[in-house]
Amino acid sequence: MKKKLTVIFILFVILALFAAVGMIVFKKFAPSFTQRPMSEQYKIGKEEALLIINGKPVEERGKLVSGVVYVPVEIATGYMNERIYWDDKEDVLCLATSGGLITVNMADSLHYTLGKETKEMSYQALYQDGGTTYVAMEFVAQHSRINYSYMQEPNRILVQSDFESSNTFAVLADDIRLRVGPNKKYDYLLELKKAKEVLVDTSSKAENGYQKIFTLEGIEGYVPEEYLTEKMEKAWTTEKQEDIFPQIKMDKTICLGWHQMTGVVGSADLQFKTSQATGLNVISPTWFALSDNKGNISSLASADYVSAAHAKGMKVWGLVNDFDEKKNNINIKKILGRTSIRSKLINNLVTTAMRYNLDGINVDFEKITAKTAPAYLEFLRELVLACHANNIVVSVDDYLPTESSSFYSWAEQGKVVDYVIFMAYDEHYSGSTESGSVSSLPFVKNGVELGLKYIPAERVVVALPFYTRLWKETKKGKLASRPAVYGMSSAESLLQSQGVTSEWDEATGQYYAEYKADNYKYRIWLEEETSLEKKLEVVFENKAAGVAFWKLGFERPVTWTTIAKYIQKQE
């Protein structure tokens, strides 16, 4: 009997050991069966909401106030609609649409104005908490090209606004649990069904065979990488149409000449500057400039000049610039950023244009920075709305696209203004640290092609130079002074006086010359009819809406023969 009990005891011990080992093995290799509550995974306040933008969460949170969903206005502008402009000095939200300008005042955000009409809302469009201003998502969604939904447990705001960029999607091969970490030992959040589509987080690498994903409902977690099948690249889609402002379009190929002036001139000076200008159909006198920080402008406008230009069959687009920034202590951010001052500036421009019977306004603001760019773009939008109400064309002068000037938002400009004039010159400018061409053929070609990636050809005008620069170098090849500016005839006379003959430079598509005098080396890349013709070929091969030239008086009479030939080809 004792022997039997001993055997039973040994068997029991063995079974216990097996059970213990089995438990250890099970714990080591078995997945977690614990479902983590969403409230534990997403620790958010009762009146907060997660923000899921284009499938992925952002750090900022939304707000729930009296049943209304709000997002920080910076988030709305940065991710959902760049046309939402918040004036934090005057507490006014502006939203320019092709149907008119919407404004909402913080003091009464139950109403908004559209043009001159006041509309009432069933909710407060704006809400402030501490130093943060929020805008109602319902308002944003109503006036923006986005997909929007709100979900609970956890509270989250889902927005899709990027319909251009590709994302990696996949389909689940089988039922699977979405875990909080890259391992089956982690708790799970959800049980996902076979054939469910998910968004793959390509910014993170798979770990332990698990890949981070986002459900289309905005919940993030990990699933075995092998379960992700039918991967595809695609963008979010929407049925909402992009809001593009209608264009006031010239009925012919644009040929514009800038007429620089420092005082009031009349019809006689116009006649002198344009007597040989065959094909010129738009003239842009440099009449207006920002004169103070209150929205006022200085003016050199002349009614006789406009009448004479119209009699010659030319449109007149008065230019406004920001060049006297230092002289007049101009604060661009204040002028364009504050709603009341920006509105006054626009009103002054439009009323002046109407007083002198102008056909257009040409904006030449070259002091814009990344910080002032949002206010500048809002100024352009509101200016277009005011001008179009009075049948006035709006054009804007831009540098050729470069990474450093991307804040000018060419694509947005191309959806709003009538014409974007790309200044295809100053490749090497007065402040350059080395000698070079003002406008080489490759510079023009690359710039035009890049610009047309952002803006439709029917809204693009390419500006070419009538001038060049003479560079003065020391024996060590360094610049001895700022370069002098020469027109076509004066540059030719200079070379003749030095007994120098220019030679064709295939690399720049220009005639080039150099000579020595006074222990200095002088270098010049000429602008003349042959080089101009090659640039005109680039412009019209790309089907641009027209050309512009800086500036009248620097060209030769024969130059217009070349220009007219290309303009006539487009008719």
Side-chain angles (χ1 to χ4, degrees), residues 73-106 109 111-119 121 125-126 133 135-136 138-146 161 240-248 295 320 332-333 335-351 353 360-361 363 365 368 372-396 398 407-420 454-456 459:
V73 69
E74 291 82 4
I75 292 294
T77 299
Y79 289 98
M80 305 175 196
N81 188 341
E82 68 173 306
R83 292 182 186 169
I84 294 175
Y85 183 80
W86 173 244
D87 176 357
D88 61 358
K89 300 298 182 183
E90 298 182 357
D91 283 349
V92 179
L93 183 146
C94 298
L95 176 55
T97 73
S98 59
L101 177 64
I102 296 172
T103 58
V104 186
N105 285 277
M106 187 71 231
S109 63
H111 298 84
Y112 71 89
T113 61
L114 175 58
K116 296 181 179 180
E117 185 180 359
T118 299
K119 295 180 178 289
M121 292 176 284
L126 299 173
T133 300
V135 59
E138 184 173 342
F139 178 84
V140 176
Q142 180 183 353
H143 301 290
S144 306
R145 186 174 182 247
I146 61 172
S161 58
K240 292 187 176 181
Q241 297 299 310
E242 196 168 19
D243 187 24
I244 298 176
F245 287 25
Q247 180 188 21
I248 298 181
V320 57
I332 290 288
K333 185 176 182 180
I335 296 172
L336 303 183
R338 295 193 184 181
T339 303
S340 60
I341 301 176
R342 182 175 65 251
S343 298
K344 183 178 179 180
L345 172 60
I346 291 170
N347 184 64
N348 282 334
L349 286 169
V350 174
T351 55
I361 293 175
V363 180
F365 285 6
I368 301 302
T372 57
Y376 173 63
L377 290 168
E378 182 60 21
F379 162 71
L380 291 180
R381 297 180 195 111
E382 295 182 20
L383 177 64
V384 168
L385 290 174
C387 283
H388 280 195
N390 296 283
N391 199 35
I392 298 171
V393 172
V394 175
S395 61
V396 58
D398 278 357
F407 52 80
Y408 272 89
S409 297
W410 309 291
E412 172 64 5
Q413 287 189 30
K415 298 169 187 173
V416 175
V417 302
D418 298 304
Y419 294 101
V420 174
Y454 296 98
I455 302 174
R459 295 194 188 222

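Residues take their numbers from the sequence shown, with the count starting at 1. All values derive from a computational prediction rather than experimental measurement.
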Report the C-alpha distance between Y376 and V363 in whole Å, list the side-chain angles of each, state the deciding distance to 0.1 Å, and finish with yes or no for side chain to side chain contact (heavy atoms under 4.5 Å, CB included).
CA-CA 11 Å; Y376 173 63; V363 180; 4.0 Å; yes
Using the rule given for side chain to side chain contact (heavy atoms under 4.5 Å, CB included), can you reason through L345 versus L336, listing the C-alpha separation, both sets of side-chain angles and the distance that settles it, and then say yes or no?
CA-CA 8 Å; L345 172 60; L336 303 183; 3.9 Å; yes
- Dump the intermediate steps for side chain to side chain contact (heavy atoms under 4.5 Å, CB included) on Y112 and L95, then the final yes or no. CA-CA 10 Å; Y112 71 89; L95 176 55; over 6 Å; no
Applying side chain to side chain contact (heavy atoms under 4.5 Å, CB included), run through M80 and I75 and close with a yes or a no. CA-CA 7 Å; M80 305 175 196; I75 292 294; 3.9 Å; yes
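Note that the CZ atom of R381 and the NZ atom of K415 stand 10.0 Å from one another [nearest 0.5 Å]. Here the CZ atom belonging to R83 is positioned 13.5 Å from the NE2 atom belonging to H143, to the nearest 0.5 angstrom. Atoms CD1 and OG, on I361 and S395 in that order, are 9.0 Å from each other to the nearest 0.5 Å. Taking OG of S409 as the reference point, atom CD1 of I368 lies at 11.5 Å (rounded to 0.5 Å). In this structure, the separation between CD on E74 and CG on D88 is 8.5 Å, given to the nearest 0.5 Å. Once rounded to the nearest 0.5 Å, the distance linking CD of E378 with CH2 of W86 reads 13.0 Å.
Not a single donor-acceptor pair under 3.5 Å links the side chain of R338 to the backbone N or O of E90. Using a distance-only test at 3.5 Å, with no hydrogens or angles considered, no donor-acceptor pair links the side chain of S144 to the main chain of A141. Q413 places a side-chain N or O within donor-acceptor distance of the main-chain N or O of Y408, the cut-off being under 3.5 Å. Judged purely by atom type and a 3.5 angstrom limit, S161 uses its side chain to pair as donor or acceptor with the backbone of Y79. Within the 3.5 Å criterion, the main-chain N or O of K333 finds no donor-acceptor partner in the side chain of T372. Between the D418 side chain and the V394 main chain, a donor and an acceptor come within less than 3.5 Å of each other. The main-chain N or O of G337 is found under 3.5 Å from a side-chain atom of Y85 such that the two form a donor-acceptor pair. Side chain of D398 to main chain of W410: no donor-acceptor pair is present (N/O by atom type, distance under 3.5 Å, no hydrogens or angles).
The number of heavy-atom neighbours closer than 6.0 Å to NZ of K240, taken from other residues, nucleotides and ligands shown, is above 12. Taking a 6.0 Å sphere around CZ of F245, one finds it holds more than 12 heavy atoms contributed by other residues, nucleotides or ligands.
Ring geometry for F365 against F379 counts as parallel: the plane angle stays under 30°, on a 0 to 90° scale with 60° as the upper cut.
Nearest heavy-atom pair across E382 and S343 is OE1-OG, 4.4 Å. When every heavy atom of L385 is checked against every heavy atom of S98, the shortest pair comes out as CD2-O, 4.4 Å. Here the closest heavy-atom approach between residue I84 and residue L93 is recorded as CG2-CD1, 3.8 Å. The two residues G360 and I392 have their closest heavy-atom pair at CA-CG2, 3.6 Å. Closest heavy-atom contact between C387 and V350: SG-CG2, 3.9 Å. Contact between N348 and G295 at its shortest, heavy atoms only, is ND2-O, 2.7 Å.
A salt bridge is absent between R342 and D87; no separation between the charged side-chain nitrogens and carboxylate oxygens falls under 4.0 Å.
Not counting sequence neighbours, H388 has no partner by the ring-ring contact (aromatic ring centres under 6.0 Å, His included) test.
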